[in-house]
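Worksheet: one structure, shown below.
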Amino acid sequence: MDAPFPSALHAAVLDWYDDHARDLPWRGVEATAWSVMVSEFMLQQTPVARVLPVHGTWLERWPTPTALAAEPTGEAVRMWGRLGYPRRALRLHAAAVAIAERHGGEVPASYDDLLALPGVGDYTASAIASFAFGERHVVLDTNVRRVLTRVVSGAELPSPAVTRVERDVATSLLPVDPATAATWAVATMELGALVCTARQPSCDACPVAGLCAWRRAGFPAYDGPPRRGQAWAGTDRQCRGRIMALARETDGSVPLGRIEGAWPVAEQRQRCLAGLVADGLLVAIGSELDEVLAYALPS
DNA sequence: CATGCGTGGCA
DNA sequence: TTGCCAAGCAT
């Protein structure tokens, strides 16, 4: 039967998006699939405001996957700058190589081909197929999850991991027409990013406030399992970040002494350096006696 | 399935 | 100030 809830929800969200969508460089008719793909990698856990400038310089330098694939991985890591999680730069480079080798230099359109690329999981594959190619896919990112949890389920925040029920709900709400489904996906994401935010949602400006189960229930507070925080001070993550910052800002290799100055705790420093080398983010520069003297971005 | 993985802005 | 959070992925 033609339940009023979904269609009213669709109309409200799509109309809202029509009026309020941000004009982002990876949206719109002039954006290439590669531009969309680069944006999706950069936006994994990194806010739009910080992605914008790097995305621009990245595409200027590497307008195609083939252009990136021809460069050393270290150049990608350096250009990644301070977006964080630099392994994403490595994976984007590896994905570009795979696209050059397996797909004739063209970003593949199918979910399965995309999913097979390094650094591409369910979300990113769905997003690229949907936004760059207008295909019909459930796009379940943190924004969409939050919006649907509130509007449909009546809870403040989604569970730590995607549940079967959650995916079923998202699937049932996906418009049948591919183009509409793609717009629905980006529109629900945008609503979560701009209005239905995690901490202080702007329910007054929300186009679906009248349909929202969470609002109707009186905004009950989150009561699920404790959400995982991220320790920082003194962690390997901070240590690795500091070493990588040195490597990025240094032309050539970083002498061991400078790394020791940047992180005095010897055991942890060694562990992190070994990890960075194992990840492919750094290479060790040795003497003829096989003694490590410096570290550098891979060239 | 839980964990590790950067970085910075904001309340 | 100190958490919390931001278009996840790989293992």
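In what follows, chains are A, B, ... by sequence order, proteins preceding strands, each numbered from 1. Just so we're clear, the structure is a prediction, and the values are computed from it rather than from any experiment. Reckoned from all heavy atoms, side chains included, excluding hydrogens, waters and symmetry mates.
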Exercise for the section: Examine the base of B:dG6 for any acceptor or donor lying under 3.5 Å from a partner atom in the side chain of A:R242, and report the outcome as yes or no. Expected result: no
Practice task
For A:R22, report the nucleic acid contact type (base, sugar-phosphate, nothing); a contact means any heavy atom under 4.0 Å.
Solution key: base
Practice task
Answer with yes or no whether A:T235 presents, from its side chain, a donor or acceptor under 3.5 Å of a partner atom in the base of B:dG4.
Solution key: no
Fill in the blank from the handout: Rounded to whole Å, CG of A:N143 lies from P of C:dA7 at a distance of 4 Å
Exercise for the section: Name the nucleic acid region contacted by A:V120, choosing base, sugar-phosphate or nothing; use a 4.0 angstrom heavy-atom cut-off, strictly under. Expected result: sugar-phosphate
Exercise for the section: Please tell me which of the listed nucleotides, C:dC5, C:dA7, B:dT3, lies nearest to the side chain of A:L157? Expected result: C:dC5
Exercise for the section: Using a heavy-atom cut-off of under 4.0 Å over every strand shown, decide if A:R145 touches base, sugar-phosphate, or nothing. Expected result: nothing
Exercise for the section: Would you mind reading off the distance between A:R82 atom CZ and B:dT7 atom C1', rounded to a whole angstrom? Expected result: 8 Å
Problem - Length of the CH2-C1' vector between A:W232 and B:dT7, whole Å - result: 6 Å
Output one line per pair: protein atom, nucleotide atom from nucleotides 9-11 of chain B, and distance, for all N/O pairs under 3.5 Å.
unit_1 : atom_1 : unit_2 : atom_2 : d
B:dG9  : N2     : A:R199 : NH2    : 3.2

Practice task
Starting from P on C:dG3, measure out to CZ on A:R228 and report it in whole angstrom.
Solution key: 17 Å
Fill in the blank from the handout: Separation of B:dG4 atom P from A:Q45 atom CD, nearest Å, is 15 Å
Handout entry: Atom pair distance, as rounded to whole Å: CD in A:Q230 and C1' in C:dC5
Key = 9 Å
Problem - Nucleotide of B:dG4, C:dA7, C:dC9 approaching A:M189 most closely (side-chain heavy atoms) - result: C:dA7
Problem - Between C:dA7 (C1') and A:D141 (CG): distance, integer Å - result: 5 Å
Problem - From C:dG8, B:dC5, C:dA6, nucleotide with atom closest to A:P47 side chain - result: C:dA6
Practice task
Select base, sugar-phosphate, or nothing to describe what A:A198 touches, counting heavy atoms under 4.0 Å on all strands.
Solution key: sugar-phosphate
Practice task
Inspect the contact between A:R164 and A:D168 and indicate whether a charged nitrogen and a carboxylate oxygen are less than 4.0 angstrom apart.
Solution key: yes
Exercise for the section: Please work out if A:L24 contacts a base, only the sugar-phosphate, or nothing of the nucleic acid, heavy-atom cut-off 4.0 Å. Expected result: base
Practice task
Scan A:P86 against the nucleic acid and name what it touches under 4.0 Å (heavy atoms): base, sugar-phosphate only, or nothing.
Solution key: sugar-phosphate
Exercise for the section: Would you mind reading off the distance between A:L43 atom CG and B:dT7 atom P, rounded to a whole angstrom? Expected result: 17 Å
